[in-house]
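Okay, structure first, notes after.
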Amino acid sequence: MLTIKFIQENPELVVEKLKVKNFDASEIVHEILSLYEQKNRAQQNADQAKAEMNKLSKEIGLLFREGKTDEANQAKNRTSELKENIRQLDQEFSSIDEKVYELLIQLPNIPNESVPAGKTAEDNKVVKSGGKNVELSGDSLPHWELAQKYNLIDFELGVKLTGAGFPVYRGKGSRLQRALINFFLDEARNAGYEEIQPPLVVNEDSGFGTGQLPDKEGQMYHVTVDNLYLIPTAEVPVTNIYRDVILDAKDLPYKNTAYSACFRREAGSYGKDVRGLNRLHQFDKVEVVQIAHPDKSYEVLEEMVAHVESLVQKLELPYRIVKLCGGDMSFTSALTYDFEVWSAAQEKWLEVSSVSNFEAFQANRLKCRFRDENNKKPQLAHTLNGSALALPRIVAALLENNQTSEGIKIPDVLVPYCGFEMID
RNA sequence: GGUGAGGUGGGUGAGAGGCUGAAACCACCGGUUUGCUAAACCGACGUACGGGUAACACUGUACCGCGGGUUCGAAUCCCGCCCUCACCGCCA
């Protein structure tokens with residue numbers, strides 16, 4: 001969430017910027033500011049009353065110690081009214097405080113100035129394209145048919161074992177998955193990311209820290225007996241490493257990478273692009289996360305984009321980088337680049353990565369701060385993350401784009417990881 | 001699943017109704033000393049939200065796992081919850 005200080009100092013800016021996200025904030029901002037003033041006044045009143053009470057209590061203690069029991073008891077009589085007063089003032093304060101909070105969490109992050117206005121994915125801006133075009137012959141197959149033909153993925157079996165959206169990879173399909181995971185992790189490590197193996201299940205605090213809770217609760221699998229959630233992305237456990245910490249500025253940026261299975265209920269998205277690997281309830285992903293100094297976070301974002309780009313290049317996939325428009329961005333993001341690869345048989349662009357700078361928005365919830373020599377007070381760090389990369393759609397594109405009459409050709413970089421050159 | 005112990009500042013750990021936002025030690029930071037390093041010594045050393053300031057200073061309140069209660073006054077007493085650790089049982 002945005003900090004109240006920022007809103008207080010830049011109310012018009014907030015309203016103006018959120019228009020880019022098609023969010024009308026004018027009323028909420030107005031209300032927040034007026035409640036904030038009330039809150040401060042209420043706090044002053046309550047604090048003053050408490051100060052009086054504290055003073056009086058100290059005096060009573062002194063009187064008792066000096067043996068002046070009568071005077072002490074007399075003073076005691078004056079406390080009940082004060083006490084009641086404090087109760088009321090406290091209640092007033094916390095009810096206003098709560099209201100401010102309720103409003104604050106409704107405000108999305110303000111977009112970076114370079115974010116284009118727009119409503120839907122149609123308005124996103126392609127900032128870069130790369131990779132060579134793929135020419136397929138007339139009898140080319142979509143990846144779900146290739147997967148079946150070469151016995152790589154058994155979707156039906158997944159349905160038997162679990163349900164739709166939980167495919168079973170087998171044989172070379174399974175090995176290809178493992179190869180990709182190792183390749184992505186090695187690449188990340190070479191780019192300076194520390195590898196993490198996080199828990200795949202997190203508690204409520206963590207879900208809240210990265211913003212999945214409370215609003216997007218329905219997107220996660222919830223283990224109700226223990227009140228834990230299956231992670232929808234490694235971002236959740238990895239970023240929460242930095243929850244409630246004060247870092248040293250000289251240690252920034254922190255760079256972590258993690259492979260994890262990701263679990264998403266995808267409630268409400270049935271029937272839309274769910275064929276084959278396009279949308280799953282469980283999939284594999286390697287994530288990269290950075291905790292950066294606010295002055296450096298956009299450099300870091302570019303670095304992360306470059307890293308992801310190098311991956312799709314090495315996999316020899318046709319790709320494009322898209323800067324999301326305000327309407328297509330997530331609630332928490334200030335700037336997001338999506339990576340899409342061309343899936344030649346489906347003749348579709350598939351999103352395989354989303355790289356975002358959340359600035360201080362997520363850090364504010366997480367209470368992820370740092371301290372430098374110049375400032376006594378800790379300040380909020382910037383958090384960033386990106387997929388590097390999500391596997392299923394990469395697999396889909398690899399299968400479709402590399403199909404030949406002899407079989408499916410594995411890209412050179414993956415051959416050492418796979419241990420085979422062709423799927424046939 | 002059973003039994004027991006315990007949650008205090010960055011860490012160890014004292015405190016058992018008022019003089020405790022919290023001893024002591026360690027770590028970190030600043031300084032003195034030193035050819036350099038180390039040691040020694042001195043000093044500073046939590047967070048949040050207010051007030052205050054150009055900014056500091058200064059100052060009020062809250063915070064000893066979380067939430068209630070008792071009391072003029074709670075880290076300390078009472079109740080509920082959460083979590084951690086140890087041992088036993090089961091198990092990868």
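- Within 4.0 Å (heavy atoms only), A:T79 reaches sugar-phosphate atoms of the nucleic acid but no base atom.
- Heavy atoms of A:A51 sit under 4.0 angstrom from primed sugar atoms or phosphate atoms, though from no base atom.
- Across all strands shown, B:A27 forms no Watson-Crick or G-U wobble pair with both distances under 3.5 Å.
- Comparing B:A62, B:U47, B:G18 against the side chain of A:R369 picks out B:U47 as the nearest.
- Counting non-hydrogen atoms under 4.0 angstrom, A:K5 reaches the backbone sugars and phosphates but no base.
- Taking the P atoms as reference points, B:G6 lies 12 Å from B:C77, given to the whole Å.
- Between A:R371 and the phosphate of B:C29, there is no side-chain N or O to OP1/OP2 separation shorter than 4.0 Å.
- In this entry B:C83 has B:G6 as its Watson-Crick or G-U wobble partner, both defining distances falling under 3.5 Å.
- Nucleotide B:A48 holds its C1' atom 17 Å from the CG atom of A:L366, rounded to whole Å.
- A:R243 and A:S206 share a donor-acceptor pair across their side chains, judged by distance under 3.5 Å alone.
- Among the atoms of the strands shown, none is found under 4.0 Å from any heavy atom of A:R41.
- Nucleotide B:U20 forms no Watson-Crick or G-U wobble pair with any nucleotide shown, as no partner meets the under 3.5 Å limit on both distances.
- Taking atom P on both nucleotides, B:C49 is separated from B:A57 by 15 Å, rounded to a whole Å.
- At the heavy-atom level, A:N54 lies under 4.0 Å from the strands shown only through sugar-phosphate atoms.
- Protein atom CD of A:E81 is 15 Å distant from nucleotide atom P of B:C72, rounded to whole Å.
- Across all strands, A:R78 comes closer than 4.0 Å to no nucleic acid atom at all (heavy-atom distances).
- Separation of the C1' atoms belonging to B:U76 and B:A22 is 12 Å when rounded to the nearest angstrom.
- Applying the side-chain contact (heavy atoms from CB on, under 4.5 Å) criterion to A:E187, with sequence neighbours excluded, gives A:F183, A:H307, A:L311, A:K314.
- Nucleotides B:A62 and B:A74 place their C1' atoms 14 Å apart, quoted to the nearest Å.
- Atom CD of A:E27 has 12 or fewer neighbouring heavy atoms from other residues, nucleotides or ligands inside a 6.0 Å radius.
- With C1' as the reference atom, B:G68 and B:U47 are 24 Å apart, rounded to whole Å.
- The interatomic distance linking A:D70 (CG) with B:C72 (C1') rounds to 15 Å, in whole Å.
- Side-chain proximity of A:D47 to the nucleotides B:U61, B:A48, B:G18 is greatest for B:U61.
- Base pairing of B:G1 is made with B:C88, judged by Watson-Crick or G-U wobble geometry with both donor-acceptor distances under 3.5 Å.
- Comparing B:A55 with B:U12, their C1' atoms sit 38 Å apart, to the nearest whole Å.
- Rounded to whole Å, atom P of B:C82 lies 13 Å from atom CG of A:L228.
- Here, B:U34 and B:C41 have their C1' atoms 13 Å apart, quoted to the whole Å.
- Side-chain atoms of A:T3 and A:N364 form no donor-acceptor pair, as typed in the model, at a separation below 3.5 Å.
- Atom-to-atom, CD of A:Q43 to C1' of B:A62 comes out at 9 Å; the value is rounded to the nearest Å.
- If A:S80 and A:P378 are placed on RNA chain B by their nearest nucleotide, the residue sitting closer to the 5' end is A:P378.
- Spacing between atom CG of A:N364 and atom P of B:A48 amounts to 12 Å, rounded to whole angstrom units.
- No cation-pi contact links A:R175 to A:F420, judged by a cut-off of 6.0 Å to the six-membered ring centre and 45° from its axis.
- Atom NZ of A:K367 is separated from atom C1' of B:A48 by 9 Å (rounded to the nearest Å).
- No donor-acceptor contact under 3.5 angstrom links the side chains of A:Y169 and A:D154, judged on distance only.
- In this structure, CG of A:N203 is placed 16 Å from P of B:C66, rounded to the nearest angstrom.
- The partner of B:A39 cannot be assigned: no Watson-Crick or G-U wobble pair with both contacts below 3.5 Å exists in any strand.
- Rounded to a whole angstrom, the distance from the P atom of B:C64 to that of B:G10 is 14 Å.
- Listed nucleotides B:U47, B:U61, B:C72 differ in distance to A:K83; the shortest reach to its side chain belongs to B:C72.
- Proximity of a side-chain donor or acceptor of A:Q148 to a complementary backbone N or O of A:W144 within less than 3.5 Å is not detected.
- The side chain of A:K377 sits closest to B:A48 out of B:A48, B:G60, B:C72.
- Residue-level contact check: A:L56 touches neither bases nor backbone, having no heavy atom under 4.0 Å from any strand.
- As the counterpart of B:A54, no nucleotide is assigned, since no Watson-Crick or G-U wobble pattern has both distances under 3.5 Å.
- Looking at which nucleotide of RNA chain B each of A:K55 and A:I4 is closest to, the 5′-most match is held by A:I4.
- Annotation: cation-pi geometry not satisfied between A:K285 and A:Y259 (NZ/CZ under 6.0 angstrom from ring centroid, within 45° of ring axis).
- Checking B:C49 for Watson-Crick or G-U wobble geometry (two distances, each under 3.5 Å) identifies B:G60 as its partner.
- Nucleic acid contact class of A:Q44 (heavy atoms, under 4.0 Å, all strands): sugar-phosphate only.
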